[in-house]
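Here's the structure we're looking at; comments come further down.
No experiment lies behind these values; they were computed from the predicted model shown. All residue numbers in this chain count up from 1 along the given sequence.
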Amino acid sequence: MDAQSYASGTTLLVDDKSFARDMERRVLNAAGFTSFLDAKGGREAIKILEESHQPIRLVLCDLMMPDMDGWQVCRAIRAVFPLFRAGVA
């Protein structure tokens, strides 16, 4: 999948700090990404992925969060969605 394909879908920003999500949104928006969902933590991110009616193409996840760290979020996403590629930034 090329960058344009990722940009055409929804991006899920997972970070407990709102200023970090805002900064990520600005950088990604400048790169052509236009649709975003926000999660304040891992559990919320997984719930959004399970319930979203929008195709989520990219998940950008913080490493250090209080409820679940980024690695735990990636493992949980892969457990529910085995074909989803998840990474930690």
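Taking CG from D69 and SG from C74, the interatomic distance works out to 9.0 Å, rounded to the nearest 0.5 Å. Rounding to the nearest 0.5 Å gives a distance of 13.5 Å between NZ of K17 and CE of M23. To the nearest 0.5 Å, atoms CG (L13) and CZ (F33) are separated by 10.0 Å.
Following chains of ILVMFWY side-chain contacts shorter than 4.5 Å, one can reach V80 starting from I77, so the two form part of one hydrophobic cluster. Under the 4.5 Å side-chain heavy-atom criterion for grouping Ile, Leu, Val, Met, Phe, Trp and Tyr, F36 is not connected to F19 through any hydrophobic cluster.
For the residue pair D15 and A20, the shortest heavy atom distance occurs at OD2-CB, 3.3 Å. Between A76 and I46 the shortest heavy-atom distance is CB-CD1, 3.2 Å. Counting all heavy atoms, side chain and backbone alike, D62 lies closest to D16 at OD2-OD1, 3.4 Å. Smallest separation of non-hydrogen atoms from L37 and I48: CD1-CG2, 3.7 Å. In terms of heavy-atom proximity, T34 sits nearest to N29 at CA-ND2, 4.1 Å. The two residues C61 and G70 make their nearest non-hydrogen contact at SG-CA, 3.8 Å.
Partner T10 forms a side chain to side chain donor-acceptor pair (under 3.5 Å) with one of Q54, H53, R57 and no other, that one being Q54.
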- [ ] Please test M65 against V14 for side chain to side chain contact (heavy atoms under 4.5 Å, CB included), starting from the C-alpha separation and ending with a verdict.
- [x] CA-CA 9 Å; M65 296 179 290; V14 187; 3.8 Å; yes
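Every pair passing salt bridge (Lys or Arg N to Asp or Glu O under 4.0 Å) that includes a residue from residues 40-53 is listed here, sequence neighbours excluded: R43-D67.
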